[in-house]
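Below is one structure, written out as structure tokens; comments come after it.
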Amino acid sequence: MCSALQLFDEMPQRMTPTWNAMIIAYSRRHSPMKVLSLYRQMIIEGVRPDSSTFTVALKACASLFDLEFGEEIRSLAVNCGYKDDVFVGSSLLNLYAKCGKMDEAMRVFDSMPKRDLVCWTTMITGFSQCGRAAEAVGVYWRMKDEGLEGDSIVMVGLIQVCAILGDVKMGLSIHGHMIRRDLRMDVFVETSLVDMYAKNGLLEIARHVFKKMSWRNVVSWSALISGYAQNGFAGDALRLLVEMQDSGLEPDLVALVSALLACSHIGFLKLGESIHGFIMRRLEINRISATAIIDMYSKCGNLSSARALFDRITSRDTISWNAMIASYGIHGHGREALSLFIQMKSQSRPDDATFASLLSALSHSGLVEEGRYWFDLMVKEFRIQPSEKHYACMVDLLARAGHIKEAQKLIESMTIEPGIPVWVALLSGCRNHRKLEIGEMAAKKVLELKPDDAGIYTLVSNVFAAARKWDEVASVRKVMKEKGIKKVPGYSVAEVNGNLHAFLMEDKSHPQHEMIMAMLERLNSKMRDMGYVPKTEFVLHDLEEEVKEQMLCNHSERLAIAFALLNTAPRTRILITKNLRVCGDCHTATKFVSEIADREIVVRDVKRFHHFKDGACSCGDYW
DNA sequence: ATAGGGTTAG
């Protein structure tokens with residue numbers, strides 16, 4: 001390039017093709033700024049651009065999202081007689097598509113007298129990438145009607161559509177179509193397929209396609225890693241990251257953001273921290289990676305690190321704000337969540353997720369008045385239609401605080417059919433406040449909807465049992481049996497010295513099992529001396545009281561806590577992550593343990609954090 | 001004497 005540029009500068013006479021040669025060279029090297037500055041210079045020197053000059057200049061504008069300059073180039077191209085040129089036209093379509101102006105692109109497209117495959121592809125991909133899946137498919141059918149067949153690049157657009165829509169059937173048929181028509185399978189097509197299958201939870205197929213690829217790049221790896229991470233297979237995602245490095249590829253931001261998601265999921269703070277460090281040293285902290293790191297710190301129990309990073313993001317968008325508000329929520333800081341929200345609304349537009357996080361935060365802090373107020377404003381001022389999630393938060397907020405009647409009224413006023421989360425929120429409020437009549441009604445609704453979560457059946461059964469409705473208790477069992485409900489195995493993960501240790505309920509497989517049981521025994525006897533009485537209603541079985549008590553002691557978080565106590569230095573903070581909610585008995589027990597052992601014990605359950613310290617929990621028993 | 005459409009993340 002140096003020599004070319006030197007020669008170019010020395011040339012006494014430079015014709016259009018001469019300029020084009022330089023401009024195209026910069027375009028190929030992905031230097032859109034250079035492309036545009038040469039283009040400007042060419043115009044100033046009075047050299048007339050041709051179709052290729054305009055095409056490349058418009059492409060540069062598209063990659064810089066510079067709509068304004070693009071329009072200027074467009075009008076000059078029209079003046080120079082290239083109004084109907086397909087190259088200029090397709091580049092213009094691409095410019096509008098990249099800038100999110102699909103309606104304008106469609107207008108231009110419809111006015112084009114000649115359209116080739118590239119124009120059609122631009123429209124299909126444009127719609128697919130801005131999430132307008134149905135219109136992407138519509139354009140494809142129009143193209144077929146005009147007798148054109150799609151090539152590999154068209155298929156990439158359609159595969160993305162399937163990924164967005166969650167339409168595996170269509171995905172499979174496109175995949176089949178490509179094989180039958182012998183369309184070229186390159187790394188782009190195969191990576192889109194991996195992504196599409198993975199996003200739809202078909203990880204076996206995604207992995208199979210991935211394995212059969214003749215060569216893979218960073219993007220292919222990232223697609224698969226993100227698929228595992230998003231489907232909750234944190235271990236597989238993290239193993240793939242290591243495998244990727246072993247194969248000689250450096251992970252990029254996308255792969256690491258997915259790895260952070262996996263760390264958040266299992267509470268792997270040590271690894272999350274080291275990924276944060278790696279990103280700072282070797283890559284860049286952009287808005288997306290920052291949000292992922294904030295989420296990781298918060299879900300791994302480190303709220304202050306999350307906030308510190310949040311304060312350093314200069315350009316926050318709705319998603320970054322949402323992440324921070326949700327962080328305060330899961331740690332039980334409703335007031336902070338609210339004040340952050342109030343700051344947010346003057347800078348970014350709150351969306352449905354913002355309100356879901358805010359309402360949930362208010363609910364966990366018992367800020368009922370504030371909850372009512374903002375729910376109302378969400379509908380009236382922010383024009384956000386409440387979804388099931390919002391209703392569930394509000395019913396939870398009201399019922400948890402004992403406003404059972406009001407919660408019931410809210411359900412009756414719902415414009416959408418109340419589902420399991422809404423009834424469960426009412427039901428658990430009824431259980432806590434001993435409102436057995438309404439509780440029974442809610443329990444019946446839940447039962448009708450046949451959930452597949454064993455924990456919900458326990459709740460339903462408890463309420464019937466409290467109301468002494470033994471026939472109903474029996475019917476719970478019947479539904480469970482019919483549906484073949486198996487208890488989701490409860491597990492807890494403890495991070496000790498940077499390693500994760502997982503415990504299942506009643507886990508006897510651990511090498512330190514004997515020591516762990518002895519530790520639990522010691523803790524139990526001290527707890528009883530201090531007045532602890534096991535709450536056996538949290539066990540759903542027809543068993544002797546003594547056996548039930550034994551089962552409670554074997555809940556996975558107790559094993560994990562005992563293990564952590566045995567293997568960490570005195571006074572070290574203990575961090576436990578579990579996949580279910582903490583049961584009421586374990587909650588009481590852990591408070592005692594925090595006092596007996598003089599430890600801060602941080603437990604993340606499936607909904608929120610509990611910080612146990614000196615015999616009390618940060619949730620104030622309001623959970 | 002060349003030029004336009006494609007893969008992954010919060």
Side-chain angles (χ1 to χ4, degrees), chain A residues 15-25 27-28 35 49-60 62 82 85-95 97-98 105 115-126 128-129 150-160 163 184 186-196 198-199 206 210 213 216-227 229-230 237 244 251-262 264 279 283 285-296 313 316-324 326 353:
Chain A
M15 313 299 286
T16 302
T18 325
W19 285 91
N20 284 353
M22 279 314 295
I23 292 176
I24 290 161
S27 175
R28 286 188 183 154
V35 169
D50 66 5
S51 160
S52 20
T53 324
F54 290 125
T55 302
V56 176
L58 285 169
K59 182 188 160 96
Y82 296 110
D85 186 284
V86 275
F87 276 77
V88 173
S90 58
S91 309
L92 192 61
L93 293 177
N94 186 44
L95 169 71
K98 288 282 160 2
R115 292 182 286 241
D116 64 3
L117 187 60
V118 176
C119 297
W120 288 100
T121 315
T122 307
M123 294 306 291
I124 293 169
T125 317
S128 119
Q129 289 180 347
D151 65 0
S152 295
I153 303 180
V154 171
M155 296 307 141
V156 169
L158 294 176
I159 293 165
Q160 287 179 305
R184 188 170 43 91
D186 58 18
V187 67
F188 288 83
V189 175
E190 291 172 312
T191 302
S192 319
L193 285 170
V194 168
D195 177 59
M196 183 270 296
K199 277 213 173 76
F210 180 83
M213 290 171 74
R216 314 168 184 96
N217 58 20
V218 185
V219 181
S220 329
W221 281 92
S222 300
L224 191 62
I225 292 172
S226 117
Q230 290 178 345
M244 172 183 182
D252 64 350
L253 260 188
V254 182
L256 293 174
V257 163
S258 301
L260 284 166
L261 185 66
S264 302
I279 293 176
L283 299 159
I285 301 209
N286 62 9
R287 193 159 56 200
I288 295 178
S289 57
T291 308
I293 297 166
I294 288 169
D295 182 65
M296 179 279 295
I313 314 181
R316 301 166 184 154
D317 66 359
T318 298
I319 304 178
S320 1
W321 284 100
N322 289 356
M324 198 63 231

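Protein chains get the first letters and strands the later ones, always in sequence-line order, with residue 1 at the start of each.
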Can you check whether [X] has a side-chain N or O nearer than 4.0 Å to OP1 or OP2 of [N]?
{"X": "Arg184(A)", "N": "dG6(B)", "value": "no"}
{"X": "Lys199(A)", "N": "dT7(B)", "value": "no"}
{"X": "Gln129(A)", "N": "dG5(B)", "value": "no"}
{"X": "Gln160(A)", "N": "dT7(B)", "value": "yes"}
{"X": "Lys98(A)", "N": "dG5(B)", "value": "no"}
{"X": "Asn94(A)", "N": "dG4(B)", "value": "no"}

[X] near the nucleic acid: base, sugar-phosphate alone, or nothing, with a heavy-atom cut-off under 4.0 Å?
{"X": "Val88(A)", "answer": "nothing"}
{"X": "Asp195(A)", "answer": "sugar-phosphate"}
{"X": "Asp186(A)", "answer": "base"}
{"X": "Ser51(A)", "answer": "base"}
{"X": "Val56(A)", "answer": "sugar-phosphate"}
{"X": "Val194(A)", "answer": "nothing"}
{"X": "Arg28(A)", "answer": "sugar-phosphate"}
{"X": "Ser320(A)", "answer": "base"}

Could you check which of [options] has an atom nearest any side-chain atom of [X]?
{"X": "Ser226(A)", "options": "dT8(B), dT2(B), dT7(B)", "value": "dT8(B)"}
{"X": "Phe87(A)", "options": "dT2(B), dG10(B), dA3(B)", "value": "dA3(B)"}
{"X": "Val219(A)", "options": "dT7(B), dA3(B), dG10(B)", "value": "dT7(B)"}
{"X": "Leu117(A)", "options": "dG5(B), dA9(B), dG10(B)", "value": "dG5(B)"}
{"X": "Arg287(A)", "options": "dT2(B), dG10(B), dG6(B)", "value": "dG10(B)"}
{"X": "Val254(A)", "options": "dT7(B), dG5(B), dT8(B)", "value": "dT8(B)"}
{"X": "Cys119(A)", "options": "dA9(B), dG6(B), dG4(B)", "value": "dG4(B)"}
{"X": "Thr55(A)", "options": "dG6(B), dA3(B), dA9(B)", "value": "dA3(B)"}
{"X": "Phe188(A)", "options": "dG10(B), dT7(B), dA3(B)", "value": "dT7(B)"}

Between [atom2] on [N] and [atom1] on [X], what's the gap in Å once rounded to a whole number?
{"X": "Leu193(A)", "N": "dG6(B)", "atom1": "CG", "atom2": "C1'", "answer": "12 Å"}
{"X": "Tyr82(A)", "N": "dT2(B)", "atom1": "OH", "atom2": "P", "answer": "16 Å"}
{"X": "Leu224(A)", "N": "dT7(B)", "atom1": "CG", "atom2": "P", "answer": "18 Å"}
{"X": "Ile285(A)", "N": "dA9(B)", "atom1": "CD1", "atom2": "C1'", "answer": "15 Å"}
{"X": "Leu58(A)", "N": "dG5(B)", "atom1": "CG", "atom2": "P", "answer": "11 Å"}
{"X": "Asp295(A)", "N": "dG10(B)", "atom1": "CG", "atom2": "C1'", "answer": "8 Å"}
{"X": "Glu190(A)", "N": "dT7(B)", "atom1": "CD", "atom2": "C1'", "answer": "11 Å"}
{"X": "Leu93(A)", "N": "dA3(B)", "atom1": "CG", "atom2": "C1'", "answer": "15 Å"}

Exercise. Only one of Leu95(A), Thr53(A), Leu93(A) passes side-chain contact (heavy atoms from CB on, under 4.5 Å) with Leu58(A); say which it is.
Key: Leu95(A)
Does any N or O donor sit under 3.5 Å from an N or O acceptor when you compare the side chain of [X] with the base of [N]?
{"X": "Ser90(A)", "N": "dG4(B)", "result": "yes"}
{"X": "Ser192(A)", "N": "dT7(B)", "result": "no"}
{"X": "Asp151(A)", "N": "dG5(B)", "result": "yes"}
{"X": "Asp116(A)", "N": "dG4(B)", "result": "yes"}
{"X": "Thr291(A)", "N": "dG10(B)", "result": "yes"}

Practice problem: Would you check if the side chain of Asn20(A) reaches a backbone N or O of Ile23(A) as a donor-acceptor pair within less than 3.5 Å? | Solution: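 Not confirmed, Asn20(A) side chain does not pair with Ile23(A) backbone.
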From [atom1] ([X]) to [atom2] ([Y]), nearest 0.5 Å:
{"X": "Leu283(A)", "Y": "Leu253(A)", "atom1": "CG", "atom2": "CG", "result": "5.0 Å"}
{"X": "Ser220(A)", "Y": "Ile225(A)", "atom1": "OG", "atom2": "CD1", "result": "10.5 Å"}
{"X": "Trp120(A)", "Y": "Arg115(A)", "atom1": "CH2", "atom2": "CZ", "result": "5.0 Å"}

Quiz item: Considering all heavy atoms of both residues, which atom of Thr55(A) and which atom of Phe87(A) are nearest to each other, and what is their separation?
Solution: OG1-CB, 3.6 Å
Self-check item: Side-chain donor-acceptor contact under 3.5 Å, Asp50(A) with Thr16(A)
Solution: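 The criterion, which ignores hydrogens and geometry beyond distance, is not satisfied for Thr16(A) and Asp50(A).
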Quiz item: Looking just at side-chain N and O atoms, do Asn286(A) and Ser289(A) make a donor-acceptor pair shorter than 3.5 Å?
Solution: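 Yes, side-chain donor-acceptor contact under 3.5 Å.
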